[in-house]
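Worth knowing before you read on, the calculation uses all heavy atoms, side chains too, and leaves out hydrogens, waters and symmetry mates. In each ligand, atom 1 is the first atom listed, and ligand 1 is the first ligand listed.
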Amino acid sequence: MHNPLDDAAADPFAIAREAAERIAERTGVDRHEVALTLGSGWARAAELMGETVAELPATEIPGFSAPAVTGHVGTVRSVALPDGRHALVLGARTHLYEGHGVRRVVHGVRTAAAAGARVMVLTNGAGGIRAHWRPGTPVLIADHVNLTATSPLEGATFVDLTDLYSARLRELARSVEPTLEEGVYVQFRGPHYETPAEVRMARTLGGDIVGMSTALEAIAARHAGMEVLGVSLITNLAAGIGSDPLSHAEVLQAGRDAEPVISRLLARIVERV
Ligand code: 8IG
């Protein structure tokens, strides 16, 4: 299916504005103050945050694509929060490993900014490098190392990434759950998981969490002027940290097991942002 973002000459920000207009039309909600991308294990959080006002297939919104992975939901919903604000919930993440280019990876974030969001909450399922983080542990992202060798920004766009993962929002998350730990997220391109040597490299580089998303989206969110909160659900120990091989089925199971707890946590955080 043709995607307008694939035309090199197209303006991705104009397509994001079109997408935001379509969302406003179809949901009847003019402005979404906060936006969330729900990764593996986080899908249920949307139901606990408030009343779903409208849910549309991502494929009906300009620039979005159908999801490629089992366990990822291809919808965009508008959720009414208890205080009258609205959250835009993106269940349709495009990963770099799908091979459609980085514009599509960050289109959801740019659409959220165009829809009015000042806060972008990025969640994911990820591998843990610290052995004491058992599968099912949520971890705040304090910073990242981008190992994708690419950027969502084009041209001479020099954006400051100091405090990319907002200290204010991390503090707020800890006011909801004081035991939350934080770590440095290392984004690999995937889709293969790391070798044990690559996990040791990530640890040497200062990493605590390995994944295949989030860093590029966070950069685009900051460029769009949003405040970023990142939370990883550790679904597995990174390769070589535990003794078992990694499997996508186990990742999904860990997500399902942790879902009630982390969904409640996220809903309580979003209430306060
Ligand atoms: I879920 O161990 C999940 N996503 N790169 N490594 C990487 N991505 C992941 C992992 C992991 N687990």
| task | Using non-hydrogen atoms of the residue, decide whether Ala126 is closer than 4.0 angstrom to ligand 1. | result | yes
| task | May I ask you to check whether Tyr193 has an N/O atom sitting below 3.5 Å from an N/O atom of ligand 1? | result | no
| request: Give a yes or no on whether the backbone of Pro57 and the side-chain of Glu60 come within a donor-acceptor separation of less than 3.5 Å. | output: no
| task | Note the single closest protein heavy atom to atom 8 (N) of ligand 1, along with its residue, its atom name and the distance in Å. | result | Gly211 CA, 3.3 Å
| request: May I ask you to list the atoms of ligand 1 that are less than 4.0 angstrom from any heavy atom of Thr235? | output: 1 (I)
| request: Mind running ring pair (Phe, Tyr, Trp, His ring centres under 6.0 Å) on Phe13 and His223 for me, showing each step along the way? | output: CA-CA 12 Å; Phe13 298 95; His223 174 247; 5.7 Å; yes
| message | Please classify the Leu246 to ligand 1 contact at 4.0 Å (heavy-atom distances, strictly less than): side chain, backbone, both or neither. | response | side chain
| message | Strictly distance-based, threshold 3.5 Å: is any side-chain N or O of Ser232 a donor or acceptor partner for the main-chain N or O of Ile234? | response | no
| message | I'd like to know if Glu271 and Arg268 make a salt bridge, using a cut-off of under 4.0 Å between side-chain N and carboxylate O. | response | no
| message | Can you confirm whether the side chains of Thr75 and Glu55 place a donor and an acceptor under 3.5 Å from each other? | response | yes
| Is a side-chain donor-acceptor pair under 3.5 Å present for Thr94 with Arg104? | no
| query | Asn236 to ligand 1: N or O pair under 3.5 Å? | reply | yes
| note | If you scan protein heavy atoms around atom 4 (N) of ligand 1, the nearest is Gly125 O, 3.6 Å
| Nearest protein heavy atom to atom 6 (N) of ligand 1, by residue and atom, and its distance? | Glu194 OE1, 2.8 Å
